[in-house]
Trainee: 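Submitted below is the structure of interest, expressed as structure tokens.
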Amino acid sequence: MKSKIYYLAFPVIAAFAMVISIWGPETLARYKDQGILDRPHTENVENAGEGYRYQMNGNEKLYILSCCLSSQTLPESELNAMARAADTGVEYQELEGSYAFVVNRRGPSGKEITDEQIFAACNEGLDMLKEKGILPEQVKQVDVSSYNVTLYSAIDVLEPRNNVAVWKMSLSNSQKNADKENRLMDAYIDADDGKIYEFYVRTPLLWEDIDADGLVAAWAEYMGLSAPVPYESDNPLLETTPYFRKYVFVGMGNGQTVVTVGFYEGINELFLKVSK
């Protein structure tokens, strides 16, 4: 009897299994699609977009900026600009690689300091430089009515992920006979954290009042850089002023960044600039 029931049930089970194997996957997929299609779903993705914006350390960012600034006309004081314009016999060494310093016409990406925020960020940076003894207390704050700002991108063209966004802030030339005493003249400011890379500022100081070694060491700490090394050279014509000291910072690969602390006598302008 059991054998007979087995022989009768076997074809039914086999037929049912065949039907399931043919129609089961399609039915299951249709059921699953009904729970997904036409409905919004969210999913947490870790580290999304990090590959697009490569995170560089302070020395690397400074190096990229120095290469880009060295490939174009640097912001300079009126005195230095006139001296450079008069010098027609200078030959500039070509840089290795290809670097571009271009106006960022798209504006801040959303993570960067905006044009409305840059003045407050710059003033915070100036306060920090004063606290560290890099700038004297007499230096005045910046304001919208007296300064022009432009957002730039410093880019390693051969390796575009190596890029630095910076704001350039300059005292406006629209106000004739403007008082420039104790004023910031030019500066490059990191568009991410508001750190001041480079500055030209009128001060009441004289060159003999300035401790260049202490100034650059304090600035390196403020920027989060490695320790500076004095740049040894017997050439007094490296700058258009006799009052300067140069320092070297580790860059990228075998490269390095030169930082100059200098002073223009007569107009009492202290400057810190970066170059290749």
Side-chain angles (χ1 to χ4, degrees), residues 65-66 69-70 72-87 101 103 113 115-152 166-191 194-212 214-216 218-219 222-223 237-246 259-275:
L65 180 61
S66 71
L69 289 179
S70 296
Q72 52 93 55
T73 303
L74 295 172
E76 298 172 311
S77 70
E78 296 139 333
L79 180 63
N80 196 23
M82 288 189 294
R84 184 177 290 277
D87 187 359
F101 192 70
V103 175
I113 297 170
D115 49 355
E116 291 86 5
Q117 299 168 332
I118 186 57
F119 292 94
C122 182
N123 285 327
E124 289 178 7
L126 291 176
D127 288 340
M128 292 183 67
L129 294 183
K130 293 175 185 179
E131 290 176 7
K132 291 184 175 295
I134 298 170
L135 293 179
E137 290 293 334
Q138 293 91 331
V139 174
K140 301 173 183 177
Q141 291 196 323
V142 300
D143 58 81
V144 178
S145 62
S146 302
Y147 287 84
N148 299 323
V149 292
T150 306
L151 182 62
Y152 285 88
V166 294
W167 282 99
K168 179 185 177 183
M169 180 170 291
S170 300
L171 185 65
S172 175
N173 292 323
S174 62
Q175 299 179 357
K176 294 183 179 180
N177 301 319
D179 181 16
K180 298 177 181 178
E181 185 177 1
N182 297 320
R183 300 296 292 269
L184 179 71
M185 303 299 294
D186 285 293
Y188 279 119
I189 306 164
D190 193 296
K195 296 289 183 66
I196 299 176
Y197 284 106
E198 180 173 298
F199 59 80
Y200 291 76
V201 60
R202 302 287 174 89
T203 79
L205 301 177
L206 300 176
W207 178 244
E208 51 265 30
D209 301 324
I210 298 169
D211 176 11
L215 188 155
V216 77
W219 176 81
Y222 156 76
M223 294 296 299
L237 302 178
L238 291 177
E239 296 292 330
T240 55
T241 172
Y243 307 110
F244 68 91
R245 292 289 301 276
K246 288 183 177 289
V259 170
T260 305
V261 176
F263 182 79
Y264 295 119
E265 191 177 34
I267 58 175
N268 282 34
E269 186 167 297
L270 170 67
F271 67 87
L272 184 149
K273 71 174 181 178
V274 299
S275 59

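By convention here, the first residue in the shown sequence is residue 1.
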Trainee: Can you list, pair by pair, the side-chain donor-acceptor contacts under 3.5 Å of residues 117-128, counting residues two or more places apart and other chains?
Mentor:
unit_1 : atom_1 : unit_2 : atom_2 : d
Gln117 : OE1    : Thr114 : N      : 3.0
Gln117 : OE1    : Thr114 : OG1    : 3.3
Asn123 : OD1    : Val142 : N      : 2.8
Asn123 : ND2    : Phe119 : O      : 3.2
Asn123 : ND2    : Val142 : O      : 3.2

Trainee: Ring pair (Phe, Tyr, Trp, His ring centres under 6.0 Å) with Phe101: which residues, sequence neighbours excluded?
Mentor: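 Checked Phe101 against ring pair (Phe, Tyr, Trp, His ring centres under 6.0 Å); matches are Tyr152, Tyr188.
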Trainee: Has Lys195 got a side-chain atom pairing as donor or acceptor with Tyr222's backbone, closer than 3.5 angstrom?
Mentor: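 Such a contact is found between Lys195 side chain and Tyr222 backbone.
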Trainee: What residues form a salt bridge (charged side-chain N to carboxylate O under 4.0 Å, His left out) with Asp179, not counting sequence neighbours?
Mentor: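 For Asp179 the salt bridge (charged side-chain N to carboxylate O under 4.0 Å, His left out) partners, ignoring immediate neighbours, are Lys140.
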Trainee: Tell me whether Lys273 is salt-bridged to Glu198, with the criterion being a basic N under 4.0 Å from an acidic carboxylate O.
Mentor: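 Salt bridge flag = no for Glu198 with Lys273.
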Trainee: Please list, chain by chain and in numerical order, all residues satisfying side chain to side chain donor-acceptor pair (under 3.5 Å) with Lys246, sequence neighbours excluded.
Mentor: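 Only Glu239, Thr260 meet the side chain to side chain donor-acceptor pair (under 3.5 Å) criterion with Lys246.
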Trainee: Between Phe263 and Leu206, which heavy-atom pair has the shortest distance, and what is it?
Mentor: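 Heavy-atom minimum between the residues: CZ-CA, 3.8 Å.
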Trainee: Run the salt bridge (charged side-chain N to carboxylate O under 4.0 Å, His left out) test against Arg183 and tell me which residues pass, sequence neighbours left out.
Mentor: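 So Arg183 forms no salt bridge (charged side-chain N to carboxylate O under 4.0 Å, His left out) with any residue.
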Trainee: Could you tell me which residues satisfy side chain to side chain donor-acceptor pair (under 3.5 Å) with Asp190, sequence neighbours excluded, listed by chain and number?
Mentor: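 With neighbours one apart ignored, the set is Lys61, Tyr197.
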Trainee: Return the set of residues passing side-chain contact (heavy atoms from CB on, under 4.5 Å) with Pro242 (not counting sequence neighbours), or none when no residue passes.
Mentor: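 Result, side-chain contact (heavy atoms from CB on, under 4.5 Å) vs Pro242: none returned.
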Trainee: For a 4.5 angstrom cut-off between non-hydrogen side-chain atoms, does Arg202 reach Glu181?
Mentor: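 When only atoms from C-beta onward are counted, Glu181 and Arg202 do not touch, as no gap falls below 4.5 Å.
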Trainee: List for me each residue that meets ring pair (Phe, Tyr, Trp, His ring centres under 6.0 Å) alongside Phe271, sequence neighbours excluded, and say none if there are none.
Mentor: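 Phe271: ring pair (Phe, Tyr, Trp, His ring centres under 6.0 Å) contacts with Tyr200, Tyr264.
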Trainee: Quick check: closest heavy atoms across Tyr147 and Leu184, and the distance to 0.1 Å?
Mentor: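 Taking Tyr147 first and Leu184 second, the nearest heavy atoms are OH-O, 2.8 Å.
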Trainee: Of the non-hydrogen atoms in Trp207 and Ala212, which two are nearest, and what is the gap between them?
Mentor: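 Nearest pair, atom of Trp207 first, then Ala212: CH2-CB, 4.3 Å.
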Trainee: Once side-chain contact (heavy atoms from CB on, under 4.5 Å) is applied, do any residues pair with Leu205, and if so which ones, sequence neighbours excluded?
Mentor: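 Only Pro136, Thr203, Asp209, Ile210 meet the side-chain contact (heavy atoms from CB on, under 4.5 Å) criterion with Leu205.
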Trainee: Taking C-beta and beyond as the side chain, do Val103 and Thr150 meet within less than 4.5 Å on heavy atoms?
Mentor: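 Yes, their side chains come closer than 4.5 Å.
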Trainee: Any donor-acceptor pair under 3.5 Å linking the side-chain atoms of Ser170 with those of Asn148?
Mentor: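 Checked: Asn148/Ser170 side chains show no N/O donor-acceptor pair below 3.5 Å.
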